[in-house]
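Structure record follows, encoded as structure tokens.
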Amino acid sequence: MKKIEPYSATLLVLAEDRRLKKGARTRLRLLSATAALLQGTYFHSLRIADICQAAGVSQGTFYLYFTDKKDITSKLLSDFTQMVYQELDGAKSKSVDPYDTIHAPTRTYVELFYQNRGLMRCLTQMTEESEAFAELFRTLSANWNRRIAKNVHRTMTTLNADGEDSLAIAYALASMVDEYLTKLYVRQDPALAFMAEDWERVATLLSDLWYRALLLDHPGGSARAES
């Protein structure tokens, strides 16, 4: 399985690419510094001075690339969100087994969430801070959920599951996963501490729930449970 790094580290590697122009590398360093700071800092406590210090640039340089901290955070989270979707696409299993097709991207998402828990927390904050970002995030989420819904519709064995049902299921399951991982890694609920470091255990739990919801033939059990 591909090793997943914090997004700040990914950006820093890109910033060290000498094939890029100096301005592009400086911009990436600023984004990387912002991502690293948001791992342990709430958006409202984020300071441009701290971003510049971490990136090794002057505040005057910052304003050549971004207007304020909302601007750089919105850009960062927009790029991060699209990276997450790309990683999930790349994690799709080639197996024909329905459970494997669920577990592979779920395992990737769990680790992405853990490694970038500060950014995941900030995603929620920024939807309240910026209407432009909120609209962008809604669009990205809607596109992703529609893709999930297509898979749901293909794999549902319940005969009365139509397109609308599939979309509703996709939203419900995605919300369940996000809320659970938020409790686990952002709020750090003590009741779940025993699972926090075991990504495989978390992924298996969530995958089992997905599988039962998608392949439920009747209220009494799932196809996997009966196999």
Does the [X] side chain pair with the main chain of [Y], one donor and one acceptor, at a distance under 3.5 Å?
X: T127; Y: T124; value: yes
X: Y185; Y: A196; value: yes
X: S8; Y: A35; value: no

**Over 12 non-hydrogen atoms of neighbours within 6.0 angstrom of OH in Y85** =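 It does: Y85 OH has more than 12 such atoms within range.
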[X]: side-chain contact (heavy atoms from CB on, under 4.5 Å) partners, not counting sequence neighbours:
X: Q39; result: R117
X: L28; result: L11, L14, A15, L20
X: T10; result: E5, Y7
X: A55; result: R29, L30, A33, V57

**Request:** Grab the two heavy atoms, one from K70 and one from S130, that are nearest each other, plus how far apart they are.
**Result:** CD-CB, 4.1 Å
**Request:** Could you list the residues that satisfy side chain to side chain donor-acceptor pair (under 3.5 Å) with S175, not counting sequence neighbours?
**Result:**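 S175: no side chain to side chain donor-acceptor pair (under 3.5 Å) contacts found.
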Rounded distance (nearest 0.5 Å) linking atom [atom1] of [X] with atom [atom2] of [Y]:
X: L112; Y: R107; atom1: CG; atom2: CZ; answer: 10.0 Å
X: W210; Y: I169; atom1: CH2; atom2: CD1; answer: 10.0 Å
X: F80; Y: L31; atom1: CZ; atom2: CG; answer: 13.0 Å
X: R212; Y: I102; atom1: CZ; atom2: CD1; answer: 11.5 Å
X: L46; Y: L38; atom1: CG; atom2: CG; answer: 5.0 Å
X: Q115; Y: M120; atom1: CD; atom2: CE; answer: 13.0 Å

Is the closest side-chain heavy-atom distance between [X] and [Y] below 4.5 Å?
X: M126; Y: T73; answer: yes
X: V202; Y: Y180; answer: yes
X: Y171; Y: L167; answer: yes
X: R121; Y: Y42; answer: yes

Go through the structure and list residues passing salt bridge (charged side-chain N to carboxylate O under 4.0 Å, His left out) with [X], not counting sequence neighbours.
X: R201; value: none
X: K75; value: D79
X: D198; value: none
X: E128; value: none

**Asked** Parallel, tilted or perpendicular: which fits the ring planes of Y109 and F113, with parallel below 30° and perpendicular above 60°?
**Response**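 If you compare the ring of Y109 with that of F113, the planes turn out perpendicular.
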Kindly state each residue pair satisfying salt bridge (Lys or Arg N to Asp or Glu O under 4.0 Å) with at least one member in [range], sequence neighbours excluded.
range: residues 135-145; value: E131-R138, E135-R138
range: residues 31-41; value: none
range: residues 174-186; value: E179-K183, E179-R187

**Request:** Would you kindly say whether Y99 and D208 are connected by a side-chain donor-acceptor distance under 3.5 Å?
**Result:** yes
**Message:** Under a 3.5 Å cutoff, is there a donor and acceptor pairing between the side chains of T61 and S58?
**Reply:**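 T61 vs S58: donor-acceptor pair found between side chains.
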**Message:** Salt bridge or not between E16 and R25? Use side-chain N to carboxylate O under 4.0 Å.
**Reply:** no
**Request:** Please check if V110 and M195 belong to a single hydrophobic cluster, counting links between Ile, Leu, Val, Met, Phe, Trp and Tyr side chain heavy atoms closer than 4.5 Å.
**Result:**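 Yes, same cluster.
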**Message:** Hydrophobic clusters here meaning ILVMFWY residues chained together by side-chain heavy-atom distances under 4.5 Å, can you tell me if L88 and L119 are in one?
**Reply:** yes
